Amino acid sequence: MRGIGSVLLLGGAGAWLLRLGGPGLIVIGLVDNSVIPIPGGMDLFVILLSSHHREWWWYYGLMGTVGAVVGGYLTFRLSEKGGKEGMEKKFGKARAEKVYKKFEKGGFSTIAIGSIIPPPFPLVPVLMAAGIMQYPKKKFLAALTLGRGIRFFAIAALGKLYGTAILGWLGRYYKPFLYVLIALGVLGGIGALV
């Protein structure tokens, strides 16, 4: 675990976060749901922890969910204060209007489904749009918790069941896997802008 953790998971910081266990997932959730997301990072940490402590898989699913919801809520609150002008300045008025219209049609499902979809889907613009559109906090938190809960409990269960095989594969192919993660992150960023 240490070799993969040091290569894929931010070197010494990644190893430190792994030693923290569940609370480390909250730290990762704060970073992952910010303006600079870590594509697949949270998923990988949940798999690593669940595969090495199989009886605690549900705890890591829960802590991954809590971390993602706390991080998502902070992005929501920051965007809420920034207003439409900030998003329109960053993405252009025409593109921002498209996002607003899609969000008004199905805000809850947009947040919930976006929270389940793995990288390269960019969740941060969805979180920002919810804040900018002044989406009700209770609905936002319910949708985000539902989506992230489904995702991280499923990933933790996969880590429990197949973690050893996943880690073995990652150990052999960590460089191509790292390059694919970087490419997915770049494509996700471009997709968010388009």
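Small disclaimer: the values here were computed from a predicted structure and weren't measured.
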Q: Just how far is it from atom OG of Ser115 to atom CG of Leu127, taken to the nearest 0.5 Å?
A: 6.5 Å
Q: Could you work out, with side-chain contact (heavy atoms from CB on, under 4.5 Å) as the rule, every residue matching Leu141, not counting sequence neighbours?
A: Val69, Tyr73
Q: Would you say Arg148's side chain and Thr65's backbone share a donor-acceptor pair under 3.5 angstrom?
A: no
Q: Rounded to the nearest 0.5 Å, what's the gap from CH2 on Trp57 to CD1 on Ile155? Could you check?
A: 12.5 Å
Q: Could you tell me which residues satisfy side-chain contact (heavy atoms from CB on, under 4.5 Å) with Ile117, sequence neighbours excluded, listed by chain and number?
A: Ile113, Phe121
Q: With sequence neighbours excluded, what pairs up with Phe108 under the ring pair (Phe, Tyr, Trp, His ring centres under 6.0 Å) test?
A: none
Q: Could you work out, with side-chain contact (heavy atoms from CB on, under 4.5 Å) as the rule, every residue matching Ser79, not counting sequence neighbours?
A: Thr75, Met128, Ile132
Q: Kindly compute the distance separating CD1 (Ile26) from CE (Met42), expressed to the nearest 0.5 Å.
A: 8.5 Å
Q: Spell out, yes or no, whether Leu144 and Leu78 are grouped together once hydrophobic residues are joined by side-chain heavy atoms under 4.5 Å, including indirect joins.
A: no
Q: Measuring from atom CZ of Phe76 to atom CD of Gln134, what distance do you get when rounded to the nearest 0.5 angstrom?
A: 7.0 Å
Q: Would the distance check show the side chain of Thr145 and the main-chain N or O of Ala142 forming a donor-acceptor pair, the cut-off being under 3.5 Å?
A: no
Q: Can you measure from CG (Leu25) to CZ (Phe45) and round to the nearest 0.5 angstrom?
A: 8.0 Å
Q: For Arg77, enumerate each residue passing the salt bridge (charged side-chain N to carboxylate O under 4.0 Å, His left out) test, keeping only those at least two apart in sequence or located in another chain.
A: Glu80
Q: Is there a side-chain contact between Tyr60 and Ile47 (heavy atoms, below 4.5 Å)?
A: no
Q: Quick one: list whatever passes ring pair (Phe, Tyr, Trp, His ring centres under 6.0 Å) with Phe152, sequence neighbours left out.
A: none
Q: For Lys139, check salt bridge (charged side-chain N to carboxylate O under 4.0 Å, His left out) against everything at least two apart and list the hits.
A: none
Q: Ignoring hydrogens, what is the shortest heavy-atom contact between Gly106 and Thr110? Give both atom names and the distance.
A: O-OG1, 2.6 Å
Q: Quick one: list whatever passes side-chain contact (heavy atoms from CB on, under 4.5 Å) with Ile116, sequence neighbours left out.
A: Ile150
Q: To the nearest 0.5 angstrom, please state how far the OH atom of Tyr59 sits from the CG atom of Leu49.
A: 9.5 Å
